[in-house]
Amino acid sequence: MKEKQPIPIPPPPPPPNGVVSERTAEPTLPDDLIVDILLRLPVKSLGKFKCVSKQWRRLITDPRFNSLHRELCSKNPSILMVKKYPLLREPHMRKCTTVDLCAFNFNGFRKNLEFSLYLDDDEKNIEMLPSKRGLVCFVSESGFYACNPSTQITTKLPEASCCTSGEVNAGMGYVAETDEYVLVHLFDRSLDIHVDYDIGCEVLRLRDGEDCSWKVVDANCPFVVRGWGVLVNNVFYWMIWDEYNELGDEAIVSFDLEKEEFGIVAPPEGCFDPHGAWSLVELGGRLCLVDNAARPSTMDIWVLTDSESRGWVKEYSIHMSAYSNDMLSFIAPLDYWNGKIVMDVKQESLDFYDVEEKKIERMDHLISGEWNWLRTYTESFFSFGSK
């Protein structure tokens with residue numbers, strides 16, 4: 001008996017006018033399902049996937065998708081590890097520095113983000129400003145550079161005002177209300193040797209896809225500052241460089257971005273720091289003063305509870321007996337995430353302090369002494385303007 005031959009399936013009827021549309025060429029998934037899948041991908045991959053089809057391009061470039069992706073990424077930040085080293089060149093050539101960037105999640109798994117950028121300056125002159133969002137900022141004698149690690153694009157920012165002292169005092173942060181990154185630069189413009197200082201201030205605002213330029217404000221900074229500026233609720237804060245001789249002395253200078261005015265903030269009542277060991281950091285959207293000097297093997301973290309009355313509360317006291325005394329001054333809180341304070345232990349580990357359990361979890365495998373800077377970081381579609 002002959003085997004039954006399969007019944008041939010007739011080809012689909014030809015489309016009208018012989019044109020095969022994207023819809024009839026192959027079946028497609030619903031938009032909401034595709035969006036749910038794409039939201040889990042990194043920005044670099046999404047940039048490539050825009051070429052898959054008109055439908056994918058439409059979905060990925062939709063501002064609502066951008067907003068949803070940013071919200072999702074903000075709940076799952078990464079650790080950005082940055083290393084710098086000189087680029088080997090001929091002796092007569094200008095010095096150049098290689099900067100390697102690599103991202104991990106908080107569980108220690110390497111993410112699909114690893115690349116290098118190159119800055120035209122000596123490796124010794126390059127510093128990295130603190131940051132927590134999608135952009136990072138480098139500064140050197142040749143100027144400021146902004147980088148979006150998600151797109152792996154770096155741009156040199158417009159030339160800033162000259163600082164006669166040669167010092168670089170700046171701060172960068174993200175303002176959610178206006179969806180922009182703000183860079184503030186304090187510069188000494190004093191040319192008279194009989195004048196201690198004359199510190200001007202200029203502001204640069206980075207908006208997605210737009211050009212940017214510096215704006216010099218009318219107000220002068222009343223003190224020489226130290227460290228990088230910390231942005232909280234539209235106000236930058238710096239520690240004052242002047243010696244802190246007695247209780248009640250001014251310790252912190254502020255700059256209100258909206259009013260473009262400087263102010264003074266007193267330290268917590270009864271606190272005294274003769275060694276200049278205090279530092280500032282933003283944790284959970286609040287300004288915090290970190291005190292490693294008041295008590296042995298203890299890190300006290302004070303929170304500014306009221307920006308008007310300048311009231312402080314000691315929120316955390318972290319016992320640091322697990323660290324050597326020499327290491328204490330090199331431990332810096334980075335961020336507050338999921339009930340834990342993320343701490344950068346210079347060239348040793350990335351540690352977490354659980355505020356409920358009051359214990360420290362060490363993550364030595366993340367660092368191993370190979371990186372110059374650690375930053376918390378979130379994926380971003382941010383694009384630079386033409387300048």
Side-chain angles (χ1 to χ4, degrees), residues 119-122 125-131 135-146 155-175 177-178 180-207 210-244 249-267 276 278-282 287 307 310 384-385 387:
L119 303 180
D120 290 328
D121 209 328
D122 191 330
N125 298 330
I126 295 174
E127 294 292 339
M128 185 180 187
L129 275 67
S131 58
L135 295 189
V136 296
C137 184
F138 299 93
V139 61
S140 70
E141 290 184 348
S142 61
F144 290 92
Y145 299 83
T155 186
K156 185 174 182 180
L157 299 177
E159 185 175 356
S161 296
C162 177
C163 182
T164 56
S165 68
E167 298 291 333
V168 179
N169 296 115
M172 189 186 78
Y174 175 74
V175 180
E177 293 77 12
T178 52
E180 63 183 359
Y181 293 86
V182 181
L183 178 61
V184 174
H185 177 220
L186 305 179
F187 57 97
D188 190 355
R189 53 193 172 193
S190 173
L191 298 176
D192 188 343
I193 61 174
H194 301 292
V195 177
D196 290 338
Y197 47 78
D198 176 18
I199 303 174
C201 174
E202 57 188 351
V203 179
L204 183 141
R205 298 177 182 270
L206 290 160
R207 300 184 178 95
E210 298 183 14
D211 295 339
C212 59
S213 60
W214 291 101
K215 174 190 176 183
V216 178
V217 302
D218 294 332
N220 285 4
C221 182
F223 292 95
V224 177
V225 301
R226 63 176 173 87
W228 302 112
V230 175
L231 179 61
V232 179
N233 295 329
N234 219 27
V235 178
F236 273 98
Y237 299 88
W238 286 266
M239 295 302 305
I240 295 175
W241 179 263
D242 292 4
E243 291 185 3
Y244 190 64
D249 281 358
E250 298 92 346
I252 301 167
V253 63
S254 64
F255 177 70
D256 189 306
L257 286 173
E258 183 176 351
K259 299 177 181 178
E260 296 186 347
E261 295 176 352
F262 284 94
I264 302 299
V265 180
W278 284 342
S279 61
L280 297 174
V281 66
E282 178 264 317
L287 180 69
S307 58
R310 309 303 188 187
F384 299 106
K387 294 182 181 179

Under 4.5 Å between any side-chain heavy atoms of Y237 and V265, yes or no? yes
Provide the closest heavy-atom pair for L129 versus A170 in the form atom of the first, atom of the second, distance. CD2-CB, 4.0 Å
Going by the side chain to side chain donor-acceptor pair (under 3.5 Å) test, which pairs reach into residues 222-234, not counting sequence neighbours? none
Quick check for you: to the nearest 0.5 Å, what is the distance between D121 atom CG and S142 atom OG? 4.5 Å
Here the gap from L280 atom CG to S254 atom OG, rounded to the nearest 0.5 Å, amounts to 11.0 Å
Mind checking salt bridge (Lys or Arg N to Asp or Glu O under 4.0 Å) for E282 and listing every partner two or more places apart, or none if nothing turns up? K132
Using every non-hydrogen atom in the two residues, find where C201 and V184 come nearest and quote the distance to one decimal. SG-CG1, 3.8 Å
State yes or no: are the ring centers of F255 and F236 separated by less than 6.0 Å? no
When rounded to the nearest 0.5 Å, the distance separating CG of L157 from CD of E159 is 12.0 Å
Is there a side-chain contact between E260 and K215 (heavy atoms, below 4.5 Å)? yes
Test your reading of the model: is there a side-chain donor-acceptor pair from D256 to the backbone of E261, 3.5 Å cut-off? no
Provide the closest heavy-atom pair for W238 versus G171 in the form atom of the first, atom of the second, distance. CZ2-N, 4.2 Å
Closest heavy-atom pair and its distance - M172, L135: CE-O, 3.5 Å
So H185 and N169, do their side chains get closer than 4.5 Å, heavy atoms only? no
How far apart are the closest heavy atoms of P158 and S213, and which atoms are they? CG-CA, 4.4 Å
What I'd like to find out is whether the side chain of F138 reaches to under 4.5 Å of the side chain of L119, using heavy atoms alone. yes
Within the 4.5 Å heavy-atom criterion, are Y181 and L183 side-chain neighbours or not? no
For S279 and M239 the tightest heavy-atom approach is CA-CG, 4.4 Å
With heavy-atom distances below 4.5 Å as the criterion, would you say the side chains of D198 and N220 are in contact? yes
The reported gap from SG in C212 to CG in L204 (rounded to nearest 0.5 angstrom) is 4.0 Å
Flag the pair F144 / W214 as yes when their ring centroid distance falls below 6.0 Å, and as no otherwise. yes
How many angstroms lie between atom CG of L287 and atom CG of L231, to the nearest 0.5 angstrom? 10.0 Å
